[in-house]
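Note sheet for the following structure.
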Amino acid sequence: MRRPGRTGWALAATALCGAVLAALTAAPAQAREPRGRQPHWEVKDSGAPEVRFRGLAAVSRSTAWLAGTAGTVLRTTDGGRNWRNVSPPGAGELQFRDVEAFDARRAVALAIGEGEASRVYRTDDGGTTWTETFRNTDARAFYDCMTFFDHHHGLAMSDPVDGRFRILSTKDGGRSWTVLPDAGMPPALEGEAGFAASGQCLTSAGGKDVWLATGGAARARVLHSADRGLTWTAADAPIPAGDPARGVFALAFRDRAHGLAVGGDYRPDQPSPRAAARTGDGGRHWRPAGTPPPAYRSGVAWLPHSRSAALAVGPTGTDLTTDGGRTWRTVDTGSFDTVDCTPDGGCWAAGEKGRVARLER
């Protein structure tokens, strides 16, 4: 959603990310370098240990938004030293699973669930006040994820209704929403659905391209639209499915062509082989990772200003790729559900028990 040119601070961020990447990939250096200088997740005190944060919107190294259970939304503007509880009033029974932020003041949060539990809220004053801009009235719909192309145009997706995924569209930054016609949506497979695990089952790149991740059916798929959700094509993804707990959980695209998919089986007692895939043609074809993450992963993000490096996170750890998703290796064993990186070189992660962290050196 934010793709500034490489001038000024962007060049500085590129240099910072290059230094972090070099240190992350230099495994032997970890034995020589003090912990304080190694790139690592520095856990911040969110002040909400009872909340699981699956929604994360990283704006910069200093500003980030979290959304989670018990209707909780938090915001920091000082790099995670302090978190302000900016939860919408009366939302304590809701499960926020996605939040998309334009800056420190403007954000849109998605609550998930059947029927009226699926809602969208928007704030323009840093969470001091919120407006409920959408409430689902169809008992068959269950909204999972959101994405924005820019500050005005965005989409939200629901599990299939009448045999097709339902797409909700906004043209005014989430202030109002319209259900799009489903004539251009391929039929869903039996048992197919999205996973509201990290706010990354729907992702966009550029002004019109968007991808939707699925699981639960006999095959995992990634659906692609090049016209902001009006028409879609589907491609099989080589990530195991065949069970309601398996499939593609998260997507990340660094441009219209190059994308990553991660997932597996979210049950902790089940293995997740082949838990990652990559594409170089906009999602028309997906290839499995040669060395995938060792377990289920629910979130993925490209490192800023990198053409080959990305992070994947899950309950059992964080993995790094430096070759565009061909191979992955574990660099941290802490539990996270979602990850997001910013153009100024910030990478944030969040998850269970109020865990939130920023990548530090």
Side-chain angles (χ1 to χ4, degrees), residues 54 97 144-145 147 157 159-160 165 186-205 209-225 232-254 257-302 308 310-321 323-330 336-339:
R54 295 184 183 270
R97 295 290 181 93
D144 298 295
C145 296
T147 190
M157 59 81 66
D159 290 339
F165 284 94
L189 304 177
E190 183 177 355
E192 192 173 27
F195 292 106
S198 61
Q200 295 179 321
C201 60
L202 189 70
T203 191
S204 57
D209 287 89
V210 58
W211 296 263
L212 188 161
T214 83
R219 308 189 308 276
R221 300 197 298 175
V222 176
L223 280 62
H224 170 237
S225 171
W232 298 78
T233 57
D236 289 348
I239 290 178
D243 185 279
R246 298 177 189 156
V248 180
F249 281 71
L251 300 167
F253 276 76
R254 66 172 174 83
H258 299 88
L260 301 170
V262 299
D265 191 319
Y266 70 74
R267 294 170 295 190
D269 61 339
Q270 297 295 314
S272 290
R274 306 190 306 281
R278 59 191 173 91
T279 181
D281 60 8
R284 288 189 294 274
H285 303 89
W286 291 87
R287 289 170 286 180
T291 304
Y296 155 73
R297 295 294 181 252
S298 55
V300 63
W302 290 93
S308 59
L311 296 170
V313 300
T316 62
T318 299
D319 301 290
L320 170 73
T321 180
D323 54 16
R326 294 173 177 84
T327 61
W328 296 82
R329 70 177 181 87
T330 302
F336 294 108
D337 292 314
T338 186
V339 60

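Just so we're clear, the structure is a prediction, and the values are computed from it rather than from any experiment. Along the sequence shown, residues are numbered consecutively beginning with 1.
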| query | What class does the angle between the rings of Y296 and F249 fall in, given that below 30° is parallel, 30 to 60° is tilted and above 60° is perpendicular? | reply | perpendicular

So CG of L251 and OG of S204: to nearest 0.5 Å the spacing works out to 11.0 Å

Q.
Closer than 3.5 angstrom, by distance alone: can the side chain of D337 be matched with the main-chain N or O of P315 as a donor-acceptor pair?
A. no

Practice problem: Measure the acute angle between the ring planes of H224 and W211, then classify it against the limits of 30° and 60° as parallel, tilted or perpendicular. | Solution: parallel

Correct closest heavy-atom pair for S298 and A197 would be CB-CB, 4.2 Å

Taken to the nearest 0.5 Å, the spacing of R97 CZ from C201 SG works out to 10.5 Å

So OG1 of T316 and CZ of F336: to nearest 0.5 Å the spacing works out to 12.0 Å

Next on the checklist: Applying side-chain contact (heavy atoms from CB on, under 4.5 Å) to L212 and W232, what does each step give before you reach the verdict?
Outcome noted: CA-CA 9 Å; L212 188 161; W232 298 78; 3.9 Å; yes

In short, A295 meets A275 closest at the heavy-atom pair O-CB, 3.8 Å

| request: Check whether the side chains of T327 and T291 place a donor and an acceptor atom closer than 3.5 Å, and report yes or no. | output: no

Original post:
So does R297 pair up with D319, basic N to acidic O under 4.0 Å?
Top reply: yes

Heavy-atom nearest pair, G299 first then A250, reads CA-CB, 3.8 Å

Residues A220 and G247: closest non-hydrogen pair is CB-CA, 4.1 Å

The complete set of salt bridge (Lys or Arg N to Asp or Glu O under 4.0 Å) pairs with one or both residues in residues 261-278, sequence neighbours excluded, reads D243-R267, R246-D265, D265-R267

Interatomic distance, OG1@T214 vs CG@D144, rounded to 0.5 Å, equals 11.0 Å

Rounding to 0.5 Å, atoms CG (L260) and OG1 (T321) come to a distance of 7.0 Å

#### Entry: Side-chain donor or acceptor of T338 paired with backbone N/O of S198 under 3.5 Å
yes

dist Q200:CD -> L202:CG (nearest 0.5 Å) comes out at 11.0 Å

All heavy atoms of M157 vs all of F165, minimum pair found to be CE-CD2, 3.8 Å

Ring pair (Phe, Tyr, Trp, His ring centres under 6.0 Å) filter on H258, not counting sequence neighbours, yields none

| request: Could you check whether the rings of F195 and Y266 sit parallel, tilted or perpendicular, using 30° and 60° as the cut-offs? | output: perpendicular

When every non-hydrogen atom of A217 is compared with those of A241, the smallest separation belongs to O-CB, 3.2 Å

